[in-house]
Amino acid sequence: MSSSLDQRTAPAPEGSRPTPLPRRTRAYALPEVRWALAALGLFLLALPPYLLGGPAWLWGALFAGAYATGGWEPGREGLKALRERTLDVDLLMVVAALGAAAIGQVLDGALLIVIFATSGALEAVATARTADSVRGLLDLAPATATRLLADGAEETVDAGLLAVGDTVLVRPGERIGADGEVVGGASEVDQATITGEPLPVAKETGDEVFAGTVNGTGALRVRVGREPSDSVIARIVRMVEEASRTKAPTQLFIEKVEQRYSVSMVLATLAVFAVPLAFGDDLTSALLRAMTFMIVASPCAVVLSTMPPLLSAIANAGRHGVLAKSAVVMERLGQVDAVALDKTGTLTEGTPRLTDVRPLPGTGLDADALLRLAASAEHPSEHPLARAVVDAARERGLALAPADAFAATPGRGVTATVEGRRIELGSPARLLPDTHHARVHPHPDTQAAHPEADHARVQPENDPAPLVRELEEAGSTAVAVLRDGEPVGVLGVADRLRPDAAATVAALTRLTGRAPVLLTGDNERAARRVAGRVGITDVRAGLLPEEKVAAVRAWEAEGRRVLVVGDGVNDAPALAAAHCGVAMGRAGSDLALETADAVVVRDELAAVPAVVALSRAAHRLVVQNLVIAGAFIAVLVAWDLFGTLPLPLGVAGHEGSTVLVGLNGLRLLRSTAWPRPARG
């Protein structure tokens, strides 16, 4: 659910703290980034003299610097893991790089170190950015609030010091400082950050409001109902941090295999050296056999069985507008067997659009004339419904007339004078009293005696009530239009369904074997209407962020691997808790974009099943590569143990298998490897 509370552009009301820019950790402030850059720089400096036959002392010193700067951090982490009796992949890569240097492959070892250091730096940046977004979320709640005293006086206090039972004044355009209940005033509140509702919600006495949401044009008096540390916004922060902290750390499948394989290989190499030596073999022969065994049995081809397919899949997905943040994410995408979708901003566009223009018969207005009249009156308003009407008029090329005496009433609508006529737009429930529904034709005698009754009554065929019911049943928000007190038409405004939503749901159903579930903070009626149009039967509506997390964790407890797709602040905890989270990029909140494992940059919903299918294709290539690598290793090891495998031939076979699995993995770079997206 995308929020209109964009931290980068939201204006600050007079007297309130300006909305700060998100506090970003600079990449070069992270030591992992600085070491990786140093290793890369030294590597690039060493390349020209090495390739051009320069002095060995020069390129040797530069390569040594690259080994040291890029390898000391993963080496230290690997030694820590070794103390805990775990053979970490970090240490294996450092040892492999040093081994390559020992047999003269200095360039290969340095390249391995640089790649590994860069991977660690990218992971550190991603972690820091997530922490930045969590901290920035707290900026949604204002720093200060206006507290009302018992004698009616006002005082400005730190919002964090508000206590349950305090009454605060929220002026038009301000952010609400605490969760609580309206005890006076009326307004419309944009609470998309919490519930995901695409339109501001009318608030009157007795209604609940949330900290961090934005007040509309009216003034509200709110009695604080929760401590600031227990507000919904504060709970979202805690849930994201907890989910990120407790989410099970994962490894690539090959890393799990490699740990056991590498331990076995080290032990086997020692045995290949020691056993023949113990039975009288000479030292040179035993050492040569052991070195050959170590080379042909080393996990290089096994490691490359996984990374090229996954990295190729990441690159291909990036070209098609999907950013997967790591190889682990790309692997996890293909493992999902259940999908939970947000509604507003995910299945729908997240922006209200004009869907219907219905003039009443006998008013002398056609659709364009009615829309021009309504847009002229709405033009000064900042309400999302008003913007939808004005945008539609501009798209049709209608020239708007000046509006005088403009006034907006929270919960009712707007009034303005356009071309000498009084125009009103707003809620049919407020603008069309009961006397406007189910009209009866007046008796001719009554009409003759009281000609003014023409303005008090509407002919049955001009009754707007059926139009209002029709639009509301179709899922639109009905807006009544009155001219000089008489209804002249009804407009329909709705958050439009994405054109590829139904096809995406069908594609995800085919991939996972079960239909996606709709998780939304919007109301039940709106949620079921959207779900019915896209083929979803399991609908969970009216959910707060913690309830979305509870639903995801319940599925995970049943053994499901859940993919959550969303875009708002209120989706972030569920994105963090899920097996894999995907954020819609165009209107996604900063927190959702940083918390998610992958981002659909171009906002194309059909890319979600496509990237899941691509991940599964990458997994199939990984399996193929493991079979190829395993076959080469088995043949070469058997040759070395039961025959005499020449060292150059062993190196050639080892390197050949490495190149072969690498090229096989690169097949996913082709444009044709991207699955054809679902189409509406």
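Bear in mind that the values here come from a model prediction, so they are computed numbers and not experimental data.
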- [ ] Would you name the heavy atoms of Thr509 and Pro516 that are closest together and state the gap between them?
- [x] OG1-CD, 3.3 Å
Task: Asp597 side chain to Gly581 backbone, donor-acceptor under 3.5 Å - done: yes
Task: Exam field: side chain Arg226 to backbone Ala178, donor-acceptor pair closer than 3.5 Å - done: no
Open item on the list: Using side-chain contact (heavy atoms from CB on, under 4.5 Å), reason through Leu491 and Leu370 one step at a time and then give a plain yes or no.
Closed with: CA-CA 9 Å; Leu491 307 179; Leu370 176 63; 4.2 Å; yes
- [ ] Take atom CZ of Arg514 as the centre, draw a 6.0 Å sphere, and report whether it contains more than 12 heavy atoms from other residues, nucleotides or ligands.
- [x] yes
Task: Non-hydrogen side-chain atoms of Arg171 and Asn215 separated by less than 4.5 Å - done: no
Task: Under the salt bridge (Lys or Arg N to Asp or Glu O under 4.0 Å) test, residues paired with Arg358 that sit two or more places apart - done: Asp356, Glu470
TODO: Kindly give the heavy-atom pair with the smallest separation between Ala403 and Pro380, and that separation in Å.
DONE: CB-CG, 4.3 Å
Task: Short side-chain to backbone donor-acceptor contact, Arg372 and Ala393, under 3.5 Å - done: no
- [ ] Check the pair Arg421, Glu486 against salt bridge (Lys or Arg N to Asp or Glu O under 4.0 Å), reporting the backbone distance first and the verdict last.
- [x] CA-CA 11 Å; Arg421 310 294 291 269; Glu486 289 298 318; over 6 Å; no
- [ ] Taking the side chain as every heavy atom from C-beta outward, state whether Leu333 and Leu563 have any pair of such atoms under 4.5 Å apart.
- [x] yes
Task: Beyond-backbone contact of Val564 with Trp555, side-chain heavy atoms, under 4.5 angstrom - done: no
Open item on the list: When you measure from the side chain of Ser476 to the backbone of Ala494, do you find a donor-acceptor pair of N or O atoms at a distance under 3.5 Å?
Closed with: no
TODO: Report yes if the side chains of Val170 and Val189 come closer than 4.5 Å at any heavy-atom pair, otherwise no.
DONE: no
TODO: Step by step, work out the side-chain contact (heavy atoms from CB on, under 4.5 Å) result for Asp207 and Val201.
DONE: CA-CA 10 Å; Asp207 291 335; Val201 180; over 6 Å; no
Open item on the list: Whether Asp368 and Arg396 form a salt bridge (side-chain N of Lys/Arg under 4.0 Å from carboxylate O of Asp/Glu) is what I want to check.
Closed with: yes
- [ ] State whether Asp337 and Arg560 are salt-bridged, where the test is any N-O pair (Lys NZ or Arg NE/NH1/NH2 against Asp/Glu carboxylate O) under 4.0 Å.
- [x] no
Task: Smallest separation among heavy atoms of Gly566 and Leu575, with atom names - done: N-CD2, 4.1 Å
Open item on the list: How close do Leu220 and Gly185 get, counting heavy atoms only, and between which atoms?
Closed with: CD2-C, 3.8 Å
Open item on the list: Suppose we screen for side chain to side chain contact (heavy atoms under 4.5 Å, CB included). Which residues come up paired with Ala386, at least two apart in sequence or across chains?
Closed with: Glu378, Ser381, His383
TODO: Give the minimum heavy-atom separation between Ala388 and Val493, together with the two atoms involved.
DONE: CB-CG1, 4.0 Å
TODO: Test side-chain contact (heavy atoms from CB on, under 4.5 Å) on Leu668 and Trp674 and set out the steps.
DONE: CA-CA 8 Å; Leu668 289 183; Trp674 177 254; over 6 Å; no
Open item on the list: Any heavy-atom pair between the side chains of Thr363 and Arg483 that's under 4.5 Å?
Closed with: yes
TODO: Evaluate the side-chain proximity of Pro487 to Leu432: yes if any heavy-atom separation is below 4.5 Å, no if none is.
DONE: yes
TODO: Would you check, one step at a time, whether the test side-chain contact (heavy atoms from CB on, under 4.5 Å) holds for Leu371 with Leu354?
DONE: CA-CA 10 Å; Leu371 178 57; Leu354 186 72; 3.6 Å; yes
Task: Check: Arg533 side chain, Ala502 main-chain N or O, donor-acceptor pair, under 3.5 Å - done: no
TODO: Give a yes or no answer on whether the side chain of Thr520 reaches the backbone of Ala541 with a donor-acceptor pair at less than 3.5 Å.
DONE: no
Open item on the list: For Gly345, is there any backbone N or O sitting under 3.5 Å from a side-chain donor or acceptor partner on Thr348?
Closed with: yes
Task: Presence of salt bridge, Arg430 and Glu424, under 4.0 angstrom - done: no
- [ ] With the side chain counted from C-beta on, respond yes when Asp567 and Val600 share a heavy-atom pair under 4.5 Å apart, and no when they do not.
- [x] no
- [ ] Answer yes or no: is there a side-chain heavy-atom contact under 4.5 Å between Glu349 and Asp495?
- [x] yes
Task: Shortest non-hydrogen contact from Ala577 toward Arg553 - done: CB-NE, 4.3 Å
